[in-house]
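Before any comments, here is the structure.
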Amino acid sequence: MSRYNFKETESKWQSIWEQRHSFQVEKDPTKLKYYVLEMFPYPSGRIHMGHVRNYTLGDVVARYKRAQGFNVLHPMGWDAFGLPAENAAIANKVPPTVWTHENISTMRNQLKSMGLSYDWSREVATCDKNYYRHEQKIFLEFLNAGLVYQKESWVNWDPKENTVLANEQVIDGKGWRSGADVERRLFSQWFLKITDFSKDLLDGLRPLDRWPDKVRLMQEKWIGRSEGATIYFKIENSDQKLEVYTTRPDTIFGASFCAISPNHPLALKLSDKNPDLQTFIAECSRLGTSEASIETAEKLGVFSGVNVHHPFLKEKILPIYIANFVLMDYGTGAIFGCPAHDQRDLDFARKYGLDVIPVVAPQDLDHDDYMIKNEAFIEDGVLINSMFLNGLNIDDAKKTIIEILEKEGSGRATENFRLRDWGVSRQRYWGCPIPIIHCDKCGAVPVPKEELPVELPDDVNFDFPGNPLENHPTWKKVCCPLCKKAALRETDTFDTFFESSWYFARFCSPKADSAFEQSDADYWLPVDQYIGGIEHAILHLLYSRFFTRALQKIGYLNISEPFEGLLTQGMVCHETYKNNEGDWLFPHEADQYKESKKSVLVGRSEKMSKSKKNVVDPETIIDTYGADTARLFMLSDSPPERDLDWTDSGIEGAWRYVNRLWRLVNQSKNIISNLNDTRPGILSENSQNMFKKLHRTIDGVSKDLDKFHFNKAVARIREFTNDLEAFSDVEENANWVRRQSLEAIICLIGPMLPHLGEELWYTLGYKTLLVDTPWPQADPEMLVEENMTVGVQINGKLRGTIQLPKDCNDKTAEEMALNLENVKTIIGSNNIRKIIVVPNRIINVVI
RNA sequence: GCCCCUCUGGCGGAAUUGGUAGACGCGCUGGAUUCAAAAUCCAGUUCUCGCAAGGGAGUGCCAGUUCGAUUCUGGCGGGGGGCACCA
C-alpha cells in the first residue's frame with residue numbers, strides 16, 4: 001500500500017477551507033459565541049517552535065468549540081512595532097516598514113502551512129495607520145478623561161547613542177550596544193494613570209478563576225498593596241510638615257530620625273542653599289537604577305540641617321536625613337526610621353550614631369533592660385516605652401495609634417500600592433506617534449481629531465544616532481492648532497505595549513472606521529480563552545486589564561476584564577551542544593560531529609534560543625513530517641502549561657501514529673464502506689464491549705479537552721486506536737462497530753490532526769467536511785458499568801482482585817474476597833479484626 | 001532575604017473526593033518479515049529474589065494522621081520561578 005502523502009493532502013485541504021471560507025465568522029446573536037485568542041506574534045522573521053506550540057493549542061480549542069456548535073472567533077494579527085525593525089534598518093539599510101512587511105508575509109505563509117483555523121479576513125498589523133490612528137484617538141480620549149499626564153521623570157540615557165534605554169537594555173550600568181556609562185536624566189514623559197485602578201485591578205483578580213493562580217499571584221505582588229498610616233511631622237521653625245508613610249505606625253515612639261529621597265521636593269529646596277546637599281543629590285542621581293548598582297550601593301545619608309517634632313513627644317526632635325535608599329515614587333518619598341525594629345534603619349542608625357529605642361519586646365522577657373544589639377526585632381511582641389500603647393500587641397497598637405493620629409489631626413490610615421503609573425513615551429522611530437503638538441505659548445496641545453492619524457514619515461535617516469523623528473528635517477515642524485504659530489510635534493512614540501493592550505477588541509470589528517463597533521465588542525468580548533507565554537504574566541496582561549477599564553471609563557466598552565480564561569503555555573526546550581572549543585553547535589551540527597567521531601558536549605535541555613543554537617526550525621519539520629505530525633507532537637507528551645522537550649524520537653512517534661491511522665482507515669475502508677447509521681439490534685459481547693469503550697473514549701476526550709488536558713486526550717485516542725486494532729470479531733455486526741469507532745477517532749483527533757482528519761473523513765465516503773461535522777456525543781447508557789474489578793487488600797497491601805457486579809452488597813463482596821486462595825493462605829489462622837468495603841473500589845481485610 | 005511552584009520507572013508523563021501506582025508515548029530487549037536494511041508487526045520492559053506460582057521494596061528524605069497516603073499535616077533536602085533599598 002502507498003504511504004500517506006501529507007504534502008499533497010495538507011495543501012489540498014488548506015485550499016478547500018480557504019475557498020469555502022470555513023473559518024470566517026460573523027456576529028450572530030442567535031448563536032453562543034466563543035472567542036479564542038493566542039498572543040499575536042512580533043514579526044521577527046520566521047516562526048519558531050514556541051509559536052507552533054502556542055498556535056496549535058489555540059487551534060485545537062477553536063476547532064473543538066466550533067465542532068460543539070459555538071460561533072468561534074479565532075483571529076490572528078501582528079504586533080508589528082518594535083525595536084528589532086530599527087536595528088535591522090541600521091544594520092542592513094532596509095526601511096523598518098519594508099523589513100516588517102516582508103517578515104509578516106513570510107510568517108503568514110508559515111502559519112498557513114500549519115493549517116490553523118484563523119479568520120484571516122480579520123488580520124491586523126499594528127504598524128498599519130488604520131490600526132494606530134484609532135490608538136491615537138484613544139490616547140486623546142484618555143487625555144480628556146484625565147487618565148493621561150505629562151511629567152518629568154528619570155530615564156536611562158545613553159550619552160553615546162543619544163537615546164533613552166529601557167531598563168532591560170542597561171547591562172551593568174552600561175548601554176547594551178554602545179558600552180557607554182548610562183546616565184540618569186530627567187525627561188518629560190507621558191504617563192497613563194494605571195494607578196487610578198490599583199485597587200480595582202487587584203480586586204478584579206479574585207473572580208478570574210480560569211486564570212492560573214500563579215499569574216494572579218504575580219499580579220497581586222506587582223500591584224503590591226500594603227496597609228499603614230501617613231504621619232505628619234511638623235518641621236522645626238516652620239509651619240510646614242513632612243508627610244511620611246509607614247506600615248509600622250505602632251513603632252512611632254521608637255523613631256529616631258526621618259529620611260527623605262534625594263528627589264524629594266524638600267531636598268531639592270534645601271539643596272539650593274547648601275552645596276554639600278547638592279553634591280550628594282547629584283551623586284545619587286548618577287547611580288544607575290540597575291539591580292547591580294542597587295545591590296552594591298552603600299546606604300548613605302546626609303543631615304539636611306532641618307529637624308522635625310515628634311507628634312507625641314513634645315520635647316523630642318528628629319533630624320531629617322537625605323538618604324540614597326529612599327525612593328521618591330513609593331509612599332510619600334519620606335520615611336521615619338525606627339532602628340530597633342527595622343534592619344536597614346538599624347544599620348543606618350549605627351553608622352550615623354542615632355538612638356536605638358526598643359518599643360516592642362518579645363513576650364516573655366524582662367522588659368526593663370531589653371536591648372537591641374546587631375539585629376532588629378521584627379516579630380510580634382509587647383509594646384514598651386510607648387506611653388498609651390504599652391502592653392498592647394502590634395496589631396492592637398496599630399489600630400490604636402491610627403485612631404489617635406486621626407483624632408489629633410497628625411496622620412491618617414493609608415492604603416498604599418507599589419504599582420506605578422505607566423510611562424509610555426519612547427524616543428524611537430518605529431512606533432505609534434504620540435498625537436501631541438508642543439507650543440511655546442499654549443503648551444502641549446492635542447492634535448485635532450480630524451487631523452489623525454499622525455503618520456510616521458517613510459523618508460527617515462538612520463545614519464545618525466538618536467531618534468530619526470527628531471532628526472527629520474520637516475516632520476516635526478507644524479503650526480499650533482490653537483494659536484496657529486510655529487510649534488513642534490511630539491517626536492516620541494508609544495511603548496509598543498500600547499498596541500497590544502487593545503488588539504483583542506479591534507479583532508471584533510477590524511475594518512471599522514472607529515476603534516471597534518461597540519455592538520461587535522458587546523457580542524464577542526470578553527475573550528473566552530487567551531493563550532500565550534508566562535513571560536507576559538505581568539506587563540502585557542496587566543496593561544490590557546488596565547486598558548479595558550480605561551476604555552470602559554471613556555464609554556468604549558461595557559466590560560472591565562478582557563480575558564475570561566487564560567492558559568499560559570510552557571517553553572519549548574531542547575538539549576544544548578558544544579564542541580571541544582566551547583562553541584555552541586546546532587543540533588544538526590552535533591549530529592555531524594557524532595558521525596565523524598568528534599566529541600560533542602551535551603548540555604541540559606533549555607529554552608530554544610538562537611544564541612545557544614539549540615533550535616529546530618518549524619519549517620524543516622513541517623517539510624519533513626507535515627503540519628499534523630508537528631501539531632500532534634506539540635500536544636502529546638507534556639501538559640500545555642509545562643515545558644516541552646523537543647526530541648527527534650518524539651516527533652518520530654507522532655509521525656508513526658499519523659501513518660498508522662491513515663493505514664488503519666485505508667485498510668478497512670472496504671469492509672466498512674456502507675454508510676448505514678442504524679445501530680444493529682444485536683451485538684456480540686465482544687462488539688458490545690468495544691462499543692462501550694468507544695463511548696467512554698468520546699466522553700473522556702471531551703472532558704480532557706474541556707480542561708485543556710490535551711496530552712491525556714491524545715493518550716486516550718491512541719489507547720482506543722490500539723483497542724480497535726486488536727478488536728477481532730467475525731460477527732457481521734462487528735463491522736458496524738468498526739465503522740463507528742473509526743468515525744469517532746477521526747472526529748476526536750480532528751482538532752489536532754485537521755488535514756488527516758479531513759482526508760480520512762473523505763476516504764470514508766463523506767462529501768461534507770469534517771470541520772462542519774458536529775462533535776460526537778457519548779451515549780450515557782454506554783458509560784454505565786455492569787461489572788467492576790475490585791482490589792482485595794490485606795492490611796492495606798494488594799493481594800488480588802475480584803469481579804463484582806456494580807453496587808453489589810457488602811456481604812457478597814466480603815465473601816468473594818475471603819474466598820480468594822491467596823487471601824486464605826495469608827490470613828491463615830489470624831483473626832480478622834475488621835473488613836472495610838468501599839463499594840466498587842476496594843476491600844481491605846485487617847488482621 | 002521574602003513569596004510561590006515542583007519532585008512518580010532509563011525518559012516525557014498518567015492515576016476521580018485518600019482506595020488496584022506507572023495509562024499513553026519514547027527508549028531498550030527478544031522475535032517475525034527481508035538476501036540485507038528501512039518501514040511494519042508480535043512479545044516483554046519499576047527495581048529485586050525466583051524456572052514458575054509467588055514474595056519483598058517502591059512516588060525526593062524523615063516523621064505523623066488513617067484500615068489504607070503519589071494524594072492530607074509537620075520538618076528537611078534538590079530543582080524552577082517571581083519580587084527585592086517598598087518604609
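So that the names make sense, note that chain A is the first sequence line, chain B the second, and so on, each numbered from 1.
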- Query: Closer to the 5' end of RNA chain B via nearest nucleotide, is it A:Gly653 or A:Val790?
  - Reply: A:Val790
- Are A:Tyr330 and A:Ser261 linked by a side-chain donor-acceptor pair shorter than 3.5 Å? no
- Taking a pair as Watson-Crick or G-U wobble with both distances under 3.5 Å, which nucleotide is matched to B:A32? B:U40
- Message: Which is more 5' along RNA chain B, the nucleotide nearest A:Ala715 or the one nearest A:Val846? Just name the residue.
- Response: A:Ala715
- Message: Check this one for me: any side-chain N or O of A:Arg799 less than 4.0 Å away from OP1 or OP2 of B:G54?
- Response: no
- Query: Nearest to the side chain of A:Asn711 - B:G27, B:A14, B:A57?
  - Reply: B:A14
- Task: Can you tell me the distance, in whole Å, between the OH atom of A:Tyr330 and the C1' atom of B:A84?
- Result: 12 Å
- Message: Please report the distance, rounded to the nearest Å, between CH2 in A:Trp222 and P in B:C86.
- Response: 15 Å
- Query: Atom CD1 of A:Ile378 to atom P of B:C86: distance rounded to whole Å?
  - Reply: 12 Å
- What's the closest nucleotide to the A:Met218 side chain, out of B:A87, B:U40, B:G82? B:G82
- Message: For a quick check of understanding: with a heavy-atom distance under 4.0 Å over all strands, which category does A:Arg716 fall into, base, sugar-phosphate or nothing?
- Response: nothing
- Remember a base hit wins even if backbone is also touched, and classify A:Arg344 as base, sugar-phosphate or nothing at under 4.0 Å, heavy atoms. base
- Task: In whole angstrom, give the distance that lies between atom NE2 of A:His264 and atom P of B:C85.
- Result: 19 Å
- Query: Does A:Arg248 put a side-chain nitrogen or oxygen below 4.0 Å from OP1 or OP2 of B:C86?
  - Reply: no
- Query: Which part of the nucleic acid, if any, lies within contact of A:Ser226, taking any heavy atom under 4.0 Å across all strands shown: a base, the sugar-phosphate backbone alone, or nothing?
  - Reply: nothing
- Message: Counting only side-chain nitrogens and oxygens, does A:Asn822 get under 4.0 Å of the OP1 or OP2 atom of B:A53?
- Response: no
- Message: When you measure from the side-chain N and O atoms of A:Arg841 to the phosphate of B:G18, is any distance below 4.0 Å, counting only OP1 and OP2?
- Response: no
- Message: Over all strands shown, is A:Ser636 touching base, sugar-phosphate only, or nothing at heavy-atom distances under 4.0 angstrom?
- Response: nothing
- Message: Counting the atoms with a prime plus P, OP1 and OP2 as sugar-phosphate, which does A:Leu327 contact under 4.0 Å by heavy atoms, base, sugar-phosphate, or nothing?
- Response: base
- Message: Check this for me: does any side-chain nitrogen of one of A:Arg716 and A:Asp704 sit under 4.0 Å from a carboxylate oxygen of the other?
- Response: yes
- Message: If you go through the side-chain atoms of A:Lys299, does one of them form a donor-acceptor pair with the base of B:C85 closer than 3.5 Å?
- Response: yes
- So which nucleotide from B:C86, B:G19, B:G13 ends up closest to the side chain of A:Gln793? B:G19
- Roughly how many Å is it from CG in A:Leu644 to P in B:G12, rounded to a whole number? 12 Å
- Message: Between A:Lys398 and A:Glu227, does any side-chain N to carboxylate O distance fall below 4.0 Å?
- Response: no
- May I ask you to decide whether A:Glu719 forms a salt bridge with A:Arg696, counting only side-chain N to carboxylate O separations under 4.0 Å? no
- Calculate the interatomic distance between A:Glu575 atom CD and B:G12 atom C1'; express it in whole Å. 13 Å
- Message: Measure CD1/A:Ile842 against C1'/B:U20 and give the value in whole Å, please.
- Response: 6 Å
- Task: Could you tell me whether A:Val792 contacts a base, only the sugar-phosphate backbone, or nothing, with contacts defined as non-hydrogen atoms closer than 4.0 Å?
- Result: nothing
- Between B:C67, B:A23, B:G25, which one does the side chain of A:Asn722 approach most closely? B:G25
- Nearest of B:A14, B:G12, B:A57 to any side-chain atom of A:Asp637? B:G12
- Message: Please evaluate residues A:Leu705 and A:Met752 with respect to the criterion side-chain contact (heavy atoms from CB on, under 4.5 Å), reporting the C-alpha separation (whole Å), side-chain torsions for both, the decisive distance (0.1 Å), and the verdict.
- Response: CA-CA 11 Å; A:Leu705 292 183; A:Met752 306 164 190; 3.9 Å; yes
- Identify whether any heavy atom of A:Glu719 sits under 4.0 Å from a base atom; if not, whether one sits that close to sugar-phosphate; answer base, sugar-phosphate or nothing. sugar-phosphate
- Note on the structure: Whole-Å distance, A:Asp643 CG to B:G79 P, equals 17 Å
- Query: With respect to the phosphate group of B:A84, does any side-chain polar atom (N or O) of A:Lys221 fall under 4.0 Å of OP1 or OP2?
  - Reply: no
- Task: Answer yes if the side chains of A:Asp421 and A:Thr195 hold a donor-acceptor pair under 3.5 Å, and no otherwise.
- Result: yes
- Message: I want to verify a distance call: between B:A84, B:U40, B:G12, whose nearest atom is closest to the A:Ser638 side chain?
- Response: B:G12
- Message: Below the 4.0 Å mark, does B:A39 have OP1 or OP2 next to a side-chain nitrogen or oxygen of A:Arg660?
- Response: no
- Donor on one side chain, acceptor on other, A:Tyr657 and A:Ser636, under 3.5 Å: no
- Between A:Tyr245 and B:A87, is there a side-chain N or O to OP1/OP2 distance below 4.0 Å? no
- Kindly label the base of B:G44 as syn or anti, based on whether its glycosidic torsion lies within 90° of 0. anti
- Mind checking A:Arg420 for me? I need base, sugar-phosphate or nothing, with any heavy atom below 4.0 Å counting as a touch. base
